[in-house]
Amino acid sequence: MKKIFLLILLLLFKINVFAGIQPIDFESKAQLNLYNKIIYNIKCVVCKAQSIVDSDTDFSNSLQLLIANKIKDNKSENDITNYITERYGDQVLLNPPLDSGTFILWFMPIGLILMLLVLLYKNLKKLY
């Protein structure tokens, strides 16, 4: 009975779960492939750990629309990623380039593991 009641409520209020997602039509398969390639490599700055494909924030939706419009204007992948990184920085890329600003991001995990191994070695040496 509860399921029927919930179904009736959903139908009455016409709740649309996918309201933020807009279908995008491209002129060619190459444009669609470029679009997919770019959006899977851009990170949502609101979510921090998701690509804009996996995020349902307004920022991600608007960035997907921006990328689609740039592709329709025949911009290249480099033009689009340069435009986005100029506005939001290299941290918007899921795989940021290795430079002085991202050096710590790339090598901090290795450094932490090495420090933990040294501490573990010293503590085990004291015990035996």
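It should be emphasised that the depicted structure is a prediction, and the values quoted were computed from it without experimental measurement.
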Check: Would you say L127 and Y121 are hydrophobically clustered, going by side-chain heavy atoms of ILVMFWY under 4.5 Å?
Finding: no

Check: Which one of T85, L63, I80 satisfies the side-chain contact (heavy atoms from CB on, under 4.5 Å) criterion with I42?
Finding: L63

Margin query: Distance check, rounded to the nearest 0.5 Å: Q64 atom CD versus F59 atom CZ?
Written below: 10.5 Å

Check: Atom CG in L117, atom CD1 in I113: separation rounded to 0.5 Å?
Finding: 7.5 Å

Next item on the list: Anything under 30° is parallel, anything over 60° is perpendicular, the rest tilted; go ahead and classify F26 against Y35.
Entry: tilted

Next item on the list: Would you give the length of the straight line joining atom CD1 of I71 to atom OG of S28, rounded to the nearest 0.5 angstrom?
Entry: 9.5 Å

Margin query: I need the minimum non-hydrogen distance between T81 and N78, along with the two atoms involved.
Written below: OG1-O, 3.3 Å

Check: Is the charged tip of K70 near the ring of Y83: under 6.0 Å from the six-membered ring centre and within 45° of its axis?
Finding: yes

Note to self: Against S60, only a single residue in I52, D54, V53 fulfils side-chain contact (heavy atoms from CB on, under 4.5 Å); can you say which?
What the structure shows: I52

Notebook entry, point to check: In this structure, are over 12 heavy atoms from other groups packed under 6.0 Å from D73 atom CG?
Noted result: yes

Note to self: Assigning hydrophobic clusters by single linkage (Ile, Leu, Val, Met, Phe, Trp, Tyr; side-chain heavy-atom cutoff under 4.5 Å), is L94 placed with L34?
What the structure shows: no

Note to self: My understanding is that only residues two or more places apart in sequence, or in another chain, count here; which of them pass salt bridge (Lys or Arg N to Asp or Glu O under 4.0 Å) with K37?
What the structure shows: E77

Notebook entry, point to check: About how many Å separate CG of L66 and CG of N61, when rounded to the nearest 0.5 Å?
Noted result: 12.5 Å

Notebook entry, point to check: So if you build clusters from Ile, Leu, Val, Met, Phe, Trp, Tyr with side-chain heavy-atom gaps below 4.5 Å, do L114 and M108 land together?
Noted result: no

Check: Considering all heavy atoms of both residues, which atom of C47 and which atom of T57 are nearest to each other, and what is their separation?
Finding: SG-CG2, 3.8 Å

Next item on the list: Look up atom CD1 in I67 and atom CD1 in I38, then write down how far apart they are to the nearest 0.5 Å.
Entry: 6.0 Å

Item checked: Between NZ on residue K72 and CD on residue E27, distance to nearest 0.5 Å -> 8.0 Å

Margin query: I'd like to check S55 versus V46 (side-chain heavy atoms, cut-off strictly below 4.5 Å). Are they in contact?
Written below: no

Check: Would one find more than 12 heavy atoms of other residues, nucleotides or ligands at under 6.0 Å from atom CG of L112?
Finding: yes

Check: Taking only residues two or more places apart in sequence, or in another chain, which ones meet S76 in a side-chain hydrogen bond (donor to acceptor under 3.5 Å, both in side chains)?
Finding: D79

